[in-house]
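Quick note on labels: first sequence line is chain A, next is B, and so on, each numbered from 1.
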Amino acid sequence: MLKIKAINGVKDILPAEIMYWQKIEKTACDIFRRFGIHEIRLPILEKTELFTRSIGETTDIVEKEMYTFVDKKITMRPEITASLLRAYVEHSLHLQQPVQRLFSIGPVFRHERPQKGRQRQFHQIDVEIIGAHEPQVDAELMAMGQMLFNALSLDVRLEINSLGCPACRPGFRNKLIAYLQACSDSLCDDCKRRTAKNPLRALDCKKQGCKAAVEHAPSILDNLCSACEEHFSAVQQQLDLFEVSYNVNRFMVRGLDYYNRTTFEFLTADLGAQAAVAAGGRYDGLVEQLGGPKKTPGIGFALGMERLFLLMQQQKKQQDQPKGQGGADIFLAALGEQAIRFASPLVHQLRHLGLQAVMDYSNRSLKAQMKQAGRCHADFTLIIGEQEIEQGRGILRNMNTQEQTEFSFNRGAAALAEVIT
RNA sequence: GUGAACGUAGCUCAGCUGGUGGUAGCACCGGGUUGUGGCCUCGGAGGUCGUGGGUUCAAGUCCCAUCGUUCACCCCA
């Protein structure tokens, strides 16, 4: 029989690495709690229209990367923000509390060619603060992100930019297009295409020629309207108050249409071509665009869990290694059919008492069972053979000290539990 | 969608200008210890060399195709 393998671009998370994922989730939840951010769980399937309306009809994600059941007009979410806002609007959460601070964790799907730090099914931690326009909130979100990376002992850098708003961006966009057209000869083919479709993209092209060409391009930061200008400088002041270090990167842009004003990315040089570990920004028009209350501001970011995981491997520091769930409290080594019959209710009682108790029913040699006990990292092994049953007491071996004592079975499981804890 | 590299045991890999698949390491199973794990030691099991063609007396090795994986581009977390 041909083995059935997982499809291209998806990965199993194996028991050997699950501790990293649990640590990431636990750390994130703990930090979110400190910021008063609450969990929301969302469906993976949404109406296709949710994403075409929010992310943008002509973005790459919508144009070619979504997994869609065309006949049903249903899509497997390519990001979480849209779903979260859909739920916010659908349940009128703004009526319960004007500012909603929410997070959600789960898989997202994009049909891209996989590479390092990029999968077709991957996992995001998504945080959104809806209903607050104050620049302090922008900074707080970034400070929280930094706190999370610090808690995981990860070294990343923060870059920020402002994309302006509907009042000032179109003007800048026109200036930029004019500039790009003027120096079109020194741009790569991709950037020539971008000039028409998404000129801002040309600003963060990786090619040397384009980098040089846009070096003197008009800067969005010189073209912000006064409100945006004020907002952006207030964000920076607040970051300073939170003692979060950052760099302003006027070349940073966004691939999703809904962003305005503040954008930010947490970046690393340790993941090959995938520099962004977390990215986000403000989306003040989006809630309204999804049918929510008018002029509801919002800001959020998404964090790529696979990238976080890879980074934890990459930047491994011995003292920060997450611990597994720990070994067994006790292994019951039963020798012979009679002993197995005797031991099985005992192991069950120990589990009722809350212990991790392990045995197997294969009736293998004591040596083999001891070996297995070692593999389970059992603290104790209780050896039960024909002799022991006859005499009414088993041999209790402390696996760490190698000391052995006898344990009378008639004392019961509770007494045994007490002896070994 | 585009480009490149790579597919040998569960994992990591040797295998030279074509000449019998490796006492290889880790892991697994068993013995050394009549019933005691880790260390040691001896043994065992495990492979259609991704698949299909071709060249050749002879292909893991060379050629073609195909599938898969990886990395990069595009784009993005």
What is the base-pairing partner of B:A14, counting Watson-Crick and G-U wobble geometry with both distances under 3.5 Å?
none
Please give the distance between the P atoms of B:G15 and B:G19 as a whole number of Å.
12 Å
For the side chain of A:Ala368, starting at C-beta, report the closest nucleotide among B:G37, B:C73, B:G30.
B:G30
Once you measure the plane-to-plane angle for A:Tyr283 and A:Tyr258, does it fall in the parallel (<30°), tilted (30-60°) or perpendicular (>60°) bin?
perpendicular
Whichever of A:Glu306 and A:Ala273 has the more 5' nearest nucleotide on RNA chain B, that residue is A:Ala273
With a 4.0 Å cut-off on heavy atoms, is A:Ala373 in touch with a base, just the backbone sugar-phosphate, or nothing at all?
nothing
Check every strand shown and say whether A:Leu308 touches a base, only sugar-phosphate, or nothing at a heavy-atom separation below 4.0 Å.
nothing
Just how far, in rounded Å, is C1' of B:G3 from CG of A:Asp190?
13 Å
Please give the distance between the P atoms of B:A24 and B:C42 as a whole number of Å.
12 Å
Can you find a side chain N or O atom of A:Asn8 that sits less than 4.0 Å from OP1 or OP2 on B:U69?
yes
With rounding to the closest Å, how many angstrom separate the C1' atoms on B:U33 and B:C39?
15 Å
Pair assignment for B:G19, Watson-Crick or G-U wobble, requiring both distances under 3.5 Å
B:C57
Within this structure, what is the CZ-to-P distance between A:Arg120 and B:G68, rounded to whole angstrom?
10 Å
Could you tell me the Watson-Crick or G-U partner of B:A27, where both distances fall under 3.5 Å? Say none if there is no partner.
none
For the residue pair A:Thr296 / A:Glu288, report whether a side-chain donor-acceptor contact shorter than 3.5 Å exists.
no
For A:Ile383, report the nucleic acid contact type (base, sugar-phosphate, nothing); a contact means any heavy atom under 4.0 Å.
base
pair A:Asp190-A:Lys207: side-chain heavy atoms closer than 4.5 Å:
yes
Students often get this wrong, so: under 4.0 angstrom with heavy atoms, is A:Gln387 touching a base, only sugar-phosphate, or nothing?
base
Main chain of A:Leu93, side chain of A:Gln100: is a donor-acceptor contact present, judged purely on distance under 3.5 Å?
yes
Grab the CG-C1' distance between A:Asp204 and B:C75 for me, whole Å please.
10 Å
Both A:His111 and A:Arg201 contact RNA chain B. Which one's nearest nucleotide lies toward the 5' end?
A:His111
Can you tell me, in whole Å, how much space there is between the C1' of B:C63 and that of B:U20?
24 Å
Presence of donor-acceptor pair under 3.5 Å, side chain of A:Arg113 and base of B:C74:
no
Would you check, one step at a time, whether the test side chain to side chain donor-acceptor pair (under 3.5 Å) holds for A:Glu46 with A:Thr75?
CA-CA 6 Å; A:Glu46 296 277 1; A:Thr75 291; over 6 Å; no
Within this structure, what is the CG-to-C1' distance between A:Asn398 and B:G38, rounded to whole angstrom?
14 Å
Is the backbone of A:Pro107 close enough, under 3.5 Å, to the side chain of A:Arg77 for a donor and an acceptor to pair up by distance?
yes
Taking donor-acceptor contacts at under 3.5 Å, does the side chain of A:Glu63 reach the base of B:G1?
no
How many Å lie between CD1 on A:Ile384 and P on B:U36, as a whole number?
17 Å
Once you apply the 3.5 Å cut-off to both distances, tell me the Watson-Crick or G-U wobble partner of B:U51, or none.
B:A65
Spacing of the C1' atoms in B:A27 and B:G46 (rounded, Å)
12 Å
Return no unless some side-chain N or O of A:Gln115 is found under 4.0 Å from OP1 or OP2 of B:A72.
yes
Can you tell me, in whole Å, how much space there is between the C1' of B:U34 and that of B:G38?
23 Å
Round to a whole Å and report the spacing from CG of A:Leu310 to C1' of B:U70.
13 Å
Is the closest basic N to carboxylate O distance between A:Arg393 and A:Glu388 below 4.0 Å?
no
Looking at B:C71, B:C75, B:U36, which one has an atom nearest to any side-chain atom of A:Met370?
B:U36
Rounded distance in Å between the C1' positions of B:A65 and B:C57:
26 Å
Taking the same atom, C1', in B:A14 and in B:C71, what whole-Å distance lies between them?
24 Å
Round to the nearest Å and state the distance from A:Met305 atom CE to B:A77 atom C1'.
12 Å
Nucleotide opposite B:C73 in a Watson-Crick or G-U pair, distances under 3.5 Å
B:G1
Short side-chain to backbone donor-acceptor contact, A:Ser162 and A:Gly164, under 3.5 Å:
yes
Show me the protein contacts with nucleotides 25-28 of chain B, counting only N or O atoms at under 3.5 Å.
unit_1	atom_1	unit_2	atom_2	d
B:C28	OP1	A:Arg375	NH1	2.5

Choosing from B:U36, B:G68, B:C74, which nucleotide comes nearest the side chain of A:Lys206?
B:C74
For atom CZ of A:Arg193 and atom C1' of B:C73, their distance in whole Å:
11 Å
I'd like to know if the side chain of A:Gln404 pairs up with that of A:Asn398 as donor and acceptor (distance under 3.5 Å, no hydrogens or angles considered).
no
May I ask you to say what A:Gly272 touches in the nucleic acid, namely base, sugar-phosphate or nothing, with a heavy-atom cut-off under 4.0 Å?
sugar-phosphate
Of A:Arg261, A:His231, A:Gln236, A:His133, the residue whose pairing with A:Asp138 passes side chain to side chain donor-acceptor pair (under 3.5 Å):
A:His231
Donor-acceptor pair under 3.5 Å: do we get one between A:Arg307's side chain and the base of B:C76?
yes
Compare the minimum distances between each of B:A77, B:C76, B:U36 and the side chain of A:Ala302, then state the nucleotide with the smallest one.
B:A77
B:G35, B:G38, B:A72: which one has an atom nearest the side-chain heavy atoms of A:Gln402?
B:G38
Shortest side-chain distance from A:Lys367, nucleotide among B:C71, B:G32, B:C75
B:G32
Taking the minimum atom-to-atom distance to the side chain of A:Arg397, which one of B:G31, B:G38, B:U70 wins?
B:G38
Is a side-chain N or O of A:Glu140 found less than 3.5 angstrom from the main chain of A:Ala143, in a donor-acceptor match?
no
